[in-house]
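The sequence lines fix the lettering, A, B, ..., with proteins before strands; numbering per chain opens at 1.
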There are 2 protein chains.
Amino acid sequence: MGWHGDSGKDAEQHFVAALGRRRRVRGKAVTKPRSRRGGGRPTIADVARKAGVGAITVSRALREPERVSEDLRRQIQAAVDELGYLPDPNARALASARAEVFGVLVPSLTNSVFAEVLRGIYDSLSDSSYRIQLGNTHYSGLEEERLLQVFGPQRPAALIVAGIDQTPTSRRLLETAGCPVVQVMETGPDPVDMMVGFSHFDGGKAATEHMIEMGYRRIGFMGARMDPRSQRRLAGYRAAMEAAGLFDARLVTTTPVPSSVTLGRELFRDALARMPTLDGVFCNNDDIALGVLFECHRASIAVPKTIGITGFNDLDMMEVAFPSVTSVRTPRYEIGRLSVAMALAAIAGKRPQQPVVDLGFELKRRESTAR
Amino acid sequence: MGWHGDSGKDAEQHFVAALGRRRRVRGKAVTKPRSRRGGGRPTIADVARKAGVGAITVSRALREPERVSEDLRRQIQAAVDELGYLPDPNARALASARAEVFGVLVPSLTNSVFAEVLRGIYDSLSDSSYRIQLGNTHYSGLEEERLLQVFGPQRPAALIVAGIDQTPTSRRLLETAGCPVVQVMETGPDPVDMMVGFSHFDGGKAATEHMIEMGYRRIGFMGARMDPRSQRRLAGYRAAMEAAGLFDARLVTTTPVPSSVTLGRELFRDALARMPTLDGVFCNNDDIALGVLFECHRASIAVPKTIGITGFNDLDMMEVAFPSVTSVRTPRYEIGRLSVAMALAAIAGKRPQQPVVDLGFELKRRESTAR
DNA sequence: CAACGTCATGGTAGCGCTACCATCCGCCTC
DNA sequence: GAGGCGGATGGTAGCGCTACCATGACGTTG
């Protein structure tokens, strides 16, 4: 096995010492060749020597090949291949004051919405040499600040953060990060730098209007967690309900508890107990909607006849559910992709004309509201 | 705004040049104080100067406080606070030949199973100063090799990889990574270093035995993706079926297509068309099981009476579904937590006695098999 | 009380790479 | 044909930190 930590730091020190980086000879330090702290991987100097060029030319050949003559380029490539040279990203980062890292901050890792954003980011970055460093804010502004503080000194190439409601401190950290910043999931009036998302207010409004149009009147709102995006969906719901003269504060059921299918069932039970006349629910997200659907099955409540259900995000399974569930399809993967594309463009000096991109959403009308 | 990439590299060069790091005076290079490439953040030297100690003592006070007298420690802390000093992780990594980074390789970001492992890893690491670098192998051995090649030169503090079926190349890369390695999700006979997981074979076997015990006889296996773990669940299913004299190759429906709820529905339709006498299904995972359940609803097939359903992983929603779905509860979050704990112990030189930990699973018997 | 640890601290020399010049060469311009 | 200019290449000097060794001040031992 390659690694043994059997006695920790000590073992490591001995290990390094055993490499014998330097040796004292009559009080004078001499360098023993080819034994480095690093453990003997080839360095750029080795490549340069083998190719018969200066180290800087190797560096250039690797990063800006067009600035090196084809002859040397070939020679250098041969030396690289022969030695199996791989540049040390840490040394690069130190020398250039820029790490090839995208910092990504999401509020949750298990919420599949962010998982898909992350997948989009990942897929757009996998051809490049950028690495992804992940941060989970747990929906906490304070934690977001802490993470930005940690990410900053590393000088990431770009930062992608979920949401537009940063604390003043976070906002300052983003503004002074010295790299492109993309706020994702939502759009808003005052980007730190760039934004990719859609309007949660409009999404909530469209979903609610659809239900009203389908003849539902006592439409409840059911929300968990109630992060800023949920709040805006609620505001959209309220706007639609008020416009139709249907709003009633008692129709709104929310909780700060994290969202889950289980919670959806419970919220629905509570709501129904309080408001037996409920004839529809617009759910904060699809987990809640699914919980409501299951509870309807269990309690033999007819969907969409007695109760109409609308979800939010349109997870894969909503279409397959029985009855299939109306939901607002959100462009999560696309948000991830585009955020990276915009960041890469900015890094390359080609800032997008339009720093704020609204990718919209699509209301998927399905059986659960087809009264 | 802090950053403008309006004209790319050029702008950046001008920006740096404008900082005026050095100036020529009569042909002699002089250093202009306090203007660095880095952009003027305080360095360890600044802290050392302010605290009236050597730089190395500051370094020690930060990393091994117990090796510095309390007096100096206080002085240094004061200087750090006053200057807002944050160590540069890139410089640290270069000097110590060790980055404070955990490399994490998962086959999928959207599969909620890995999302939960990731959450466990994240939660266990969030108190420490370790960062998480994410790799998505897309279930590809080749991609895994490529990612290990990228992660290696960075000298991560530890590597956590999903699965135990690495290619020979990947295995060699892991063995020579020079850091603790934890293979997660499964256990097996020949760890690269450490392992945390459970037996997918046993899980599949237990689930199938349960269905047999409940009186099901023509139990189908339904699997998507069929990665190595799915294969082993299938092997467990087969072992149980053969032991009961019930195995029939026509009962097995698999596809290399990625798993989804939609796919579950389709697999079930196919299987039923081929084998109308089917009286139960053991599903590869809960997505498939959910697809089967929905299709049963849609086709008015009674569950558990006509068809019994068992899933795998026991996602939150399986308990809430109607009828609730029997599933094999797997310790995903715990795997993430423990893998980090073991890696941290190894880094600290306290290797766990037991390098391979089987966290087991729990069969959750529910309505979907309660005939 | 001398010889010898042990502890706290510091100096020096890199880690492997890239930014910033300087240099050199060939070619174009007037 | 001298001067200039742009493109290709290289030397030097760090980037900010830590490993290694040295040093000096103590205590401890025989």
Nearest 0.5 Å, what's the CD1-OH distance between I76(A) and Y85(A)?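 Separation between the atoms: 11.0 Å.
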Pairwise distance CD1(I56(B)) to OG(S59(B)) - rounded to 0.5 angstrom: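 I56(B) atom CD1 to S59(B) atom OG measures 5.0 Å (nearest 0.5 Å).
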Whole-Å distance separating the [atom1] atom of [X] from the [atom2] atom of [N]:
X: L94(B); N: dA13(C); atom1: CG; atom2: P; value: 18 Å
X: L72(B); N: dC7(C); atom1: CG; atom2: P; value: 17 Å
X: R49(B); N: dG16(D); atom1: CZ; atom2: P; value: 12 Å
X: R41(B); N: dC17(D); atom1: CZ; atom2: C1'; value: 15 Å
X: L62(A); N: dT18(C); atom1: CG; atom2: P; value: 8 Å
X: D88(B); N: dG14(D); atom1: CG; atom2: C1'; value: 14 Å
X: Y85(B); N: dG16(D); atom1: OH; atom2: P; value: 10 Å
X: R98(A); N: dC15(D); atom1: CZ; atom2: C1'; value: 13 Å

Kindly point out which of [options] is positioned nearest to the side chain of [X]?
X: T57(A); options: dT9(C), dT9(D), dG16(C); answer: dT9(D)
X: R67(B); options: dT9(C), dT9(D), dC15(D); answer: dT9(C)
X: I56(A); options: dG11(C), dC17(D), dG11(D); answer: dG11(D)
X: A95(B); options: dG14(C), dC15(D), dT9(C); answer: dG14(C)
X: R60(B); options: dG10(C), dT18(C), dG16(D); answer: dG10(C)
X: T43(B); options: dC20(D), dC17(D), dT18(C); answer: dC17(D)
X: V53(B); options: dT9(D), dG10(C), dC15(C); answer: dG10(C)

Where do N90(B) and L94(A) come nearest, in terms of heavy atoms and distance?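 Scanning both residues, the minimum pair turns out to be CB-N, 4.1 Å.
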Of E66(A) and A55(A), whose nearest nucleotide on DNA chain D comes first from the 5' end?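 The residue whose closest nucleotide sits nearer the 5' end is E66(A).
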Angle between the two end axes of the helix from dC1(C)-dG30(D) to dC30(C)-dG1(D), five base pairs per end, rounded to 10 degrees?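 Answer for the end axes of this duplex: 30°.
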Under the salt bridge (charged side-chain N to carboxylate O under 4.0 Å, His left out) criterion, do R172(B) and E175(B) qualify, and how do the steps go? CA-CA 5 Å; R172(B) 192 178 43 71; E175(B) 282 168 352; over 6 Å; no
Step-by-step side chain to side chain donor-acceptor pair (under 3.5 Å) determination, Q75(A) to D71(A): CA-CA 6 Å; Q75(A) 247 166 277; D71(A) 260 20; over 6 Å; no
For the residue pair E145(A) / Q166(A), report whether a side-chain donor-acceptor contact shorter than 3.5 Å exists.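 Per modelled atom types, Q166(A) and E145(A) side chains form no pair under 3.5 Å.
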Without hydrogens or angle criteria, can the side chains of T167(B) and E144(B) be said to hold a donor-acceptor pair below 3.5 Å? no
Any carboxylate oxygen within less than 4.0 angstrom of a Lys/Arg side-chain nitrogen, looking at E100(B) and R92(B)? yes
May I ask you to verify if any side-chain N or O of [X] is less than 4.0 angstrom from the OP1 or OP2 atom of [N]?
X: S69(B); N: dT9(C); result: yes
X: R92(A); N: dT18(C); result: yes
X: R63(A); N: dT18(C); result: yes
X: S59(B); N: dC17(D); result: no

Hey, which of these two, A91(B) or D71(B), hits DNA chain C nearer its 5' end, going by closest nucleotide? D71(B)
